[in-house]
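Below: the structure, in structure tokens.
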Amino acid sequence: MNNKQRPIGVFDSGVGGLTNVRALMERLPMENIVYFGDTARVPYGVKSRSTIESFTAQIVDFLLQNDVKALVIACNTIAAVAGQKVRTMAGNMPVLDVITAGAEAALNTTQTNYIGVIATSTTVNSNAYARAIHSCNADTRVQSQAAPLLVPLVEEGWLDHEVTRLTVREYLKPLLAEDIDTLVLGCTHYPLLKPLIRREAPGIALVDSAITTAEATARALAEADLLNTDNPAPDYRFYVSDIPLRFRTIGERFLGRSMEQIEMVSLG
Ligand code: DGL
């Protein structure tokens, strides 16, 4: 297998990262993809940095053994607290992550220089989005809000449910009280709530980091001369650490298509 044919490794704490796989399949339809979701140990969004770092190291080891040519950190929480660890393990290999791509997209979108972020508690506490945004533009104001209840609501499929609407409204209240004009959906699950969030935050631009990360991946692969341009029937492999009840249903909701090869592997 030549370098271009090697798969892109995408990983997440669970099923949510399939939103990134979906965006990659659309943006880079010739690429082979290996996905790992740590479904046995999800959620990461409430766990400590050291636990997330050690789980992440196991996932990256697994993907490197699968001969990936690039790594995409689809999980905001992993990117927030273990991004550096992943880059150290990956050496020269391109590593893309949802926070870097989301921060860049938010900066390109805002007119008022005031950006809101919703994410898991661990991501918000790490301040990773604000740091990524400020490293490009120190004058931008960033206000973050943890929105942990949205993860189980999305997994329940309550994408247009009254309970979800009220929860979103409550979380957005402090952000909408300010002059933000851009809202980063800083968690794998939130892009599925885009229509509902759009109604609750009219006039505010939403940044979906799955799409911007796929764009950044395309750029990085082109720069490294690793783009696969001759692969009309790409191979998609999905690995998880547990196959819980309703996994396929939930996974296919995130992916927007059926999942053929799902395999279970235990790490650690
Ligand atoms: N994938 C996580 C994220 O994007 C959400 C789920 C979790 O808490 O593990 O932050």
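Both ligands and their constituent atoms are indexed starting at 1 by order of listing. Heavy atoms only: backbone and side chains are in, while hydrogens, waters and symmetry mates are out.
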Exercise. By side-chain hydrogen bond (donor to acceptor under 3.5 Å, both in side chains), which residues pair with Glu162, not counting sequence neighbours?
Worked result: Arg165

Exercise. Starting from atom 10 (O) of ligand 1, which protein heavy atom do you reach first, and at what distance in Å?
Worked result: Thr77 OG1, 2.6 Å

Exercise. How are the rings of Trp158 and His161 set relative to one another: parallel (under 30°), tilted (30 to 60°) or perpendicular (over 60°)?
Worked result: parallel

Exercise. Do the rings of Tyr44 and Phe55 sit parallel, tilted or perpendicular, given the 30° and 60° boundaries?
Worked result: tilted

Exercise. Is His189 in polar range of ligand 1, meaning some N or O pair under 3.5 Å apart?
Worked result: no

For this session: For Asp12, take its heavy atoms, then give the atoms of ligand 1 lying under 4.0 Å from any of them.
Result: 1 (N)

For this session: Go through the structure and list residues passing side-chain hydrogen bond (donor to acceptor under 3.5 Å, both in side chains) with Asp235, not counting sequence neighbours.
Result: Arg237, Gln261

Exercise. Given that the side chain starts at C-beta and the backbone is N, CA, C, O, which of these parts of Thr122 lies under 4.0 Å from ligand 1, counting heavy atoms, or is it both or neither?
Worked result: neither

Exercise. Hey, which atoms in ligand 1 end up nearer than 4.0 Å to a heavy atom of Val42?
Worked result: 9 (O)

Exercise. Does ligand 1 have a heavy atom under 4.0 Å from the side chain of Thr120, from its backbone, from both, or from neither?
Worked result: side chain

Exercise. Which of the atoms in ligand 1, numbered in the order shown and given with their element, are less than 4.0 Å from a heavy-atom of Tyr44?
Worked result: 7 (C), 8 (O), 9 (O)

For this session: Consider ligand 1: state whether an atom of it lies below 4.0 angstrom from any non-hydrogen atom of Cys187.
Result: yes

Problem set entry | Any side-chain heavy-atom pair of Phe62 and Ser241 under 4.5 Å | no

Exercise. With respect to atom 6 (C) of ligand 1, which of Ser13, Ala74, Gly17, Gly45 exhibits the smallest heavy-atom separation?
Worked result: Ser13

Exercise. Any side-chain heavy-atom pair from Leu193 and Leu150 closer than 4.5 angstrom?
Worked result: yes

Exercise. Honestly curious: do Leu18 and Val265 fall in one hydrophobic cluster under the side-chain, below-4.5 Å linking rule?
Worked result: no

